[in-house]
Amino acid sequence: MSPVNNRGFLGKKSCKIHLMGIGGAGMSALAQLLLEKGHKVSGCDMSRSSYLEKMLHEGVPIFMGHDKTHLEKEAVDLLVYSSAISPQNPELLYAKETGIPIAKRAEILSMLFNESIGIGVAGAHGKTTTSSMIAFILDFGGISPSVAIGGELCDIGGNAKLGEGNHMVAELDESDGSFELFQCSIGVVTNIDWDHVDHYPDIVSVRKSFCRFLQQTKGKSSIILCAADKGVKDLLDCCKIPEGREVVTYGWDTSCNWQAANVQHIPGGGVLFTVRHEGKALGEIRLRLSGNHNALNALAACAVGISLGIPFDVVAQGLHGFCGAKRRLQKVYSQERVLIYDDYGHHPREIRATLEALRNIFPDRRLLIAFQPHRYSRTAAMYEDFAQALAVGDKVFLLPIYSADESNLWGISSKDIEGSMIQKGYNCTYCNDMEEARERILQSLGTRDLILTLGAGNVNLLGPILQKFLEEEEARKNAVSPVLAKTF
């Protein structure tokens, strides 16, 4: 029995569903939705995470590692897995041998999505922030959507929730092509880029996949596309959009249906811009988030919100209150001498956007970057581009590549990025681990610095480590000596 071909499967009450990799952002979001729909959920993972801890707190049975006994113990009705799980995994093999139905995460999530008024956000970059903005302003505007996002929203304290209405907002993952399963009522494409080199051999294959995604949209749907992106423009030149779909563009140019004009970067953080629709100024949007890329993300969210009947002033108010998603240019620590920010950027284009934003809002601070490359395949294909993107920093500290369970078939390492940067005359140092990175960064600190921890692995753990040492140093400076204390 295949759950994908049997849409009544999830309609069963108290279906027992086991999710492999439940500690990941995408799988934990699905788990949360299934829990709130009344299903019994269990899961397993190879390592602990904040998402896994939340599941444990809610009483979900969690197993560490992978073993067929998990399925026997929970007597599961359905096994859900991600594309990162090996076909030879013992739980998958046991399920196949015993006839337990299996499905990929995207297959189950798409079933929930396709039965809703689905707003799907796809793109190589900006998906999490854009989908988070849309979910937030829809909720703020009185539409109570279900939400499934690949990052934790500061505003709702999680990455998923079951709404009261028929709408659903989902971040759609193109990394393995699974976003083609989703049939959007409103589809947003933020940009198109060659990122997941393990799945797509070239940009042409990426473009074809996005074309198939757009052709899967529901009849009379809206397709909202970022015309400021060259990849999207190339897509429009070669992709035949089905009849009945409304194509809406957004960007900087006056030729776009939705335009962000008079963009101002606010010192210390934030961005302000005027929204124009079909040439007519609707008003200003002021974000707490920074950067040109977030102005575009907010413009896409504005287009979605107004298309669903939310007044502009309500959209603007909602976007102004939006605090962002965790690990998206997130402030970790702040004092006069040093600021610490953390960002998930793991592609050269994302890195350039993040560094541009930081330079705009903190022009007088020295920028120290601790970068952890993500995946051997991506690093092998793009190490020269990484070197060029990181060159904006005053000092760069490179951590070893975060493998994400990939084997190093290319013999690549972070030292290849270091070599390229040094050859071009940039200040770059390879660190063997986080402890060495901590020592070197603290030794390099001046009087007005900004430290950025950057990457999609676990480099975010470095920020709190640095914060602890800085706070201890500050406490020592402010302590009153025993001798002086007796004098008073």
Side-chain angles (χ1 to χ4, degrees), residues 26 29 106-107 109-138 143 145-150 163 165-193 195-196 200 206-251 256-258 277 296-310 315:
E107 291 175 317
L109 184 60
S110 65
M111 286 172 58
L112 302 175
F113 182 89
N114 294 342
E115 292 171 355
S116 308
I117 301 171
I119 299 109
V121 180
H125 322 294
K127 295 186 296 293
T128 299
T129 299
T130 305
S131 52
S132 299
M133 285 177 167
I134 293 170
F136 186 76
I137 62 175
L138 262 58
I143 299 170
S146 295
V147 179
I149 292 171
N166 296 324
H167 293 76
M168 181 173 186
V169 180
E171 175 183 346
L172 307 184
D173 180 16
E174 87 286 358
S175 65
D176 60 356
S178 60
F179 73 141
E180 295 179 35
L181 296 170
F182 293 78
Q183 299 169 4
C184 299
S185 298
I186 299 177
V188 179
V189 178
T190 57
N191 42 60
I192 295 175
D193 212 339
D195 182 8
H196 302 281
Y200 299 101
V206 178
R207 196 181 300 132
K208 288 180 178 178
S209 186
F210 272 88
C211 187
R212 291 190 294 270
F213 163 68
L214 293 182
Q215 290 170 343
Q216 285 293 318
T217 53
K218 293 178 180 178
K220 296 184 179 180
S221 62
S222 293
I223 298 172
I224 300 174
L225 307 173
C226 182
D229 178 69
K230 183 182 182 301
V232 172
K233 288 180 178 178
D234 291 342
L235 175 71
L236 285 171
D237 289 340
C238 66
C239 182
K240 184 178 179 181
I241 305 295
E243 289 185 13
R245 276 66 164 177
E246 180 190 18
V247 177
V248 177
T249 58
Y250 68 96
C256 297
N257 302 108
W258 291 88
H277 182 226
L296 287 174
N297 294 339
L299 191 59
C302 180
V304 172
I306 290 178
S307 74
L308 291 173
I310 301 175
V315 169

Colleague: If you look at every heavy atom in A300 and Y250, which pair is closest and at what distance?
Modeller: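 Nearest pair, atom of A300 first, then Y250: CB-CZ, 3.5 Å.
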
Colleague: Out of curiosity, Q183 CD to S116 OG, how far, rounded to the nearest 0.5 Å?
Modeller: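 The distance works out to 12.0 Å.
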
Colleague: If you look at every heavy atom in H277 and W258, which pair is closest and at what distance?
Modeller: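 Distance-wise, the nearest heavy atoms are CD2-CE2, 3.2 Å.
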
Colleague: Does S131 have any side chain to side chain donor-acceptor pair (under 3.5 Å) partners at least two apart in sequence or in another chain, and if so, which?
Modeller: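 Partners of S131 under the side chain to side chain donor-acceptor pair (under 3.5 Å) test: none.
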
Colleague: Closest approach of A124 and F210, non-hydrogen atoms and distance?
Modeller: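 Heavy atoms of A124 and F210 come nearest at N-CZ, 4.5 Å.
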
Colleague: Among all residues two or more places apart in sequence or in another chain, which pass the side-chain contact (heavy atoms from CB on, under 4.5 Å) test with A301?
Modeller: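 Here the qualifying residues are M133, I134, I137, L319.
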
Colleague: Taking N114 for the side chain and L181 for the main chain, is one N or O donor matched with an acceptor at less than 3.5 Å?
Modeller: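 Yes, the answer is positive, given that a donor and an acceptor are paired below the 3.5 Å cut-off.
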
Colleague: Just verifying a value: how many Å separate T190 OG1 and L299 CG, rounded to the nearest 0.5 Å?
Modeller: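 It is 12.5 Å, given to the nearest 0.5 Å.
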
Colleague: Can you check whether T249's main-chain N or O pairs, donor with acceptor, with N257's side chain at less than 3.5 Å?
Modeller: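 The answer is yes, because a donor-acceptor pair under 3.5 Å joins these two groups.
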
Colleague: Could you list the residues that satisfy side-chain contact (heavy atoms from CB on, under 4.5 Å) with I310, not counting sequence neighbours?
Modeller: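 I310 satisfies side-chain contact (heavy atoms from CB on, under 4.5 Å) with L138, I143, V314, V315 only.
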
Colleague: Tell me every residue that passes side-chain contact (heavy atoms from CB on, under 4.5 Å) with S185, counting only those two or more places apart in sequence or in another chain.
Modeller: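 So S185 forms a side-chain contact (heavy atoms from CB on, under 4.5 Å) with I117, K218.
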
Colleague: Could you walk me through whether L112 and S146 pass the side chain to side chain contact (heavy atoms under 4.5 Å, CB included) test, one step at a time?
Modeller: CA-CA 10 Å; L112 302 175; S146 295; over 6 Å; no

Colleague: Can you pull the salt bridge (Lys or Arg N to Asp or Glu O under 4.0 Å) pairs that have at least one residue in residues 118-127, sequence neighbours excluded?
Modeller: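 Found K127-E174.
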
Colleague: Could you list the residues that satisfy side chain to side chain donor-acceptor pair (under 3.5 Å) with S175, not counting sequence neighbours?
Modeller: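 Partners of S175 under the side chain to side chain donor-acceptor pair (under 3.5 Å) test: D173.
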
Colleague: Would Q215 and C239 satisfy side chain to side chain contact (heavy atoms under 4.5 Å, CB included), going step by step from the backbone distance to the final call?
Modeller: CA-CA 9 Å; Q215 290 170 343; C239 182; 4.2 Å; yes

Colleague: Scan residues 232-242 for pairs that pass side chain to side chain donor-acceptor pair (under 3.5 Å), counting only residues two or more places apart or in two chains.
Modeller: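 Every side chain to side chain donor-acceptor pair (under 3.5 Å) pair that includes a residue of residues 232-242, provided the two are not neighbours, is K230-D234.
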
Colleague: With sequence neighbours left out, which residue pairs that include part of residues 215-239 fulfil the ring-ring contact (aromatic ring centres under 6.0 Å, His included) condition?
Modeller: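 ring-ring contact (aromatic ring centres under 6.0 Å, His included) check on residues 215-239 returns no pairs.
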
Colleague: Please give me the minimum heavy-atom distance between G251 and C256, naming the atom from each residue.
Modeller: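 Scanning both residues completely, I find the closest heavy atoms to be N-SG, 3.7 Å.
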
Colleague: How long is the straight-line distance from CG of L109 back to CD of E171, given to the nearest 0.5 Å?
Modeller: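 If we round to the nearest 0.5 Å, E171:CD and L109:CG are 10.5 Å apart.
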
Colleague: Of all residues at least two apart in sequence or in a different chain, which pass the ring pair (Phe, Tyr, Trp, His ring centres under 6.0 Å) check with H167?
Modeller: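 So H167 forms no ring pair (Phe, Tyr, Trp, His ring centres under 6.0 Å) with any residue.
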
Colleague: State which residues pass side-chain contact (heavy atoms from CB on, under 4.5 Å) with S209; sequence neighbours excluded, sorted by chain then number.
Modeller: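 Applying side-chain contact (heavy atoms from CB on, under 4.5 Å) to S209 gives F179, E180, Y200, R212.
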
Colleague: Can you see which heavy atom on I186 is nearest to which on S307, and at what distance?
Modeller: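 Here I186 and S307 meet closest at CD1-OG, 3.7 Å.
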
Colleague: Which distance, rounded to the nearest 0.5 Å, do you find between the CG of L214 and the CG of L225?
Modeller: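 Here the rounded value is 6.0 Å.
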
Colleague: Residues two or more places apart in sequence or in another chain: which of them pass salt bridge (Lys or Arg N to Asp or Glu O under 4.0 Å) with D229?
Modeller: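 Once residues adjacent in sequence are excluded, the partners of D229 under the salt bridge (Lys or Arg N to Asp or Glu O under 4.0 Å) criterion are R349.
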
Colleague: Under the side chain to side chain donor-acceptor pair (under 3.5 Å) rule, collect the residues that match up with D193, sequence neighbours excluded.
Modeller: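 D193 satisfies side chain to side chain donor-acceptor pair (under 3.5 Å) with H125 only.
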
Colleague: Could you go through L308 and I119, starting from their C-alpha distance and side-chain angles, then the distance that decides it, and tell me whether this counts as side chain to side chain contact (heavy atoms under 4.5 Å, CB included)?
Modeller: CA-CA 11 Å; L308 291 173; I119 299 109; 4.2 Å; yes

Colleague: Rounded to the nearest 0.5 Å, how far does CG of L236 lie from CD1 of I241?
Modeller: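 Between I241 CD1 and L236 CG, I get 6.0 Å after rounding to 0.5 Å.
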
Colleague: For the atom pair CG (N297) and SG (C226), what is the distance rounded to the nearest 0.5 Å?
Modeller: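 Result: 8.5 Å between the selected atoms.
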
Colleague: Which heavy-atom pair separates S110 from F182 by the least distance, and what is that distance?
Modeller: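 Smallest heavy-atom distance, with atoms named: CA-CE2, 3.5 Å.
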
